[in-house]
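All values below were derived from every heavy atom in this structure, side-chain atoms included, with hydrogens, water molecules and symmetry-related copies excluded. In what follows, residues are counted from 1 in the order of the sequence shown.
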Amino acid sequence: MWDDAIAQINNQSGFTTLLFGLGPGAIKVLDNDYLYSVANYGFLGLVTNIIIYIVLFYQFKKESSLNFSLLGKLYIVFSFILGLQFETLNGWNFPILIMFYAGIAIALRKNHTSTSTRLYQN
């Protein structure tokens, strides 16, 4: 699969192909998040993929609950590493869990902030 994807990218070589990829859905399944991003969306897609991991990691780092923060950060690191072998952000299951955990982290932080603000005002 990987050799086929690299061959398709090389056959369409050019700056725009490297920058923007072959187009969404050009390669359906690749089992490597990073190569999938480069093949379908180019290096801009790869950078976007990595930025998503960084932003989510930072969201969990700001979490006040140490256990939840650690769980989220470990999940992000685990997904980042597993992206070499299968689709984490581009698949079906991992993005749902990552966004679920990130949503809980944001809600907990907002709840903590609003509680702190109310206590400060009283």
Side-chain angles (χ1 to χ4, degrees):
M1 264 193 275
W2 295 8
D3 291 336
D4 183 46
I6 292 170
Q8 285 185 32
I9 293 170
N10 288 336
N11 289 341
Q12 300 289 329
S13 65
F15 181 72
T16 56
T17 302
L18 290 176
L19 192 59
F20 299 111
L22 300 171
I27 297 176
K28 302 280 187 218
V29 177
L30 196 51
D31 290 340
N32 181 323
D33 245 2
Y34 312 111
L35 190 55
Y36 180 89
S37 293
V38 169
N40 287 318
Y41 306 107
F43 283 101
L44 289 178
L46 177 64
V47 169
T48 303
N49 198 349
I50 293 171
I51 286 173
I52 290 171
Y53 281 113
I54 292 169
V55 167
L56 290 172
F57 187 85
Y58 181 71
Q59 288 294 326
F60 284 111
K61 188 176 180 182
K62 293 189 322 184
E63 178 57 43
S64 61
S65 170
L66 182 62
N67 290 336
F68 192 75
S69 175
L70 183 61
L71 173 70
K73 290 187 291 189
L74 286 174
Y75 190 83
I76 297 298
V77 169
F78 187 65
S79 297
F80 188 76
I81 293 169
L82 285 178
L84 295 170
Q85 285 298 316
F86 62 92
E87 297 167 349
T88 55
L89 285 181
N90 296 312
W92 288 98
N93 297 326
F94 273 80
I96 293 169
L97 289 174
I98 289 173
M99 297 307 162
F100 176 74
Y101 287 144
I104 290 173
I106 291 168
L108 287 173
R109 192 170 44 256
K110 284 189 177 193
N111 186 28
H112 178 70
T113 304
S114 64
T115 303
S116 298
T117 304
R118 277 185 269 151
L119 291 174
Y120 179 73
Q121 289 174 350
N122 291 334

Give the cluster check for [X] versus [Y]: same hydrophobic cluster or not, with ILVMFWY residues linked at side-chain heavy-atom distances below 4.5 Å.
| X | Y | value |
| --- | --- | --- |
| L56 | V47 | no |
| Y58 | V77 | no |
| F100 | Y75 | yes |
| F43 | I52 | yes |

ask   = Considering the options I76, I81, L74, L82, which one meets the side chain to side chain contact (heavy atoms under 4.5 Å, CB included) requirement together with F78?
value =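 Exactly one pass, corresponding to L82.
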From [X] [atom1] over to [Y] [atom2], what is the distance, rounded to the nearest 0.5 angstrom?
| X | Y | atom1 | atom2 | result |
| --- | --- | --- | --- | --- |
| Q59 | I104 | CD | CD1 | 13.5 Å |
| L46 | D33 | CG | CG | 9.5 Å |
| L35 | N40 | CG | CG | 9.5 Å |

message = Give me the atom names and distance for the closest heavy-atom approach of F60 to S69.
response =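 For F60 versus S69, the nearest heavy atoms are O-OG, 2.6 Å.
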inquiry  = Give me the atom names and distance for the closest heavy-atom approach of A39 to I27.
reply    =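 For A39 and I27, the tightest heavy-atom pair comes out as CB-CD1, 3.6 Å.
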ask   = For I50 and F80, what are the C-alpha separation, side-chain angles and deciding distance, and is it a side-chain contact (heavy atoms from CB on, under 4.5 Å)?
value = CA-CA 8 Å; I50 293 171; F80 188 76; 4.3 Å; yes
task = May I ask you to decide if the ring planes of Y34 and Y53 are parallel, tilted or perpendicular, using 30° and 60° as cut-offs?
result =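 Tilted: the ring planes of Y34 and Y53 meet at 30° to 60°.
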task = Can you establish whether the number of heavy atoms outside D3 located under 6.0 Å from its atom CG is more than 12?
result =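 No.
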ask   = Has the side chain of N49 got a donor or acceptor atom that lies under 3.5 Å from a matching backbone atom of G45?
value =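 No, the answer is negative, given that no donor and acceptor are paired below the 3.5 Å cut-off.
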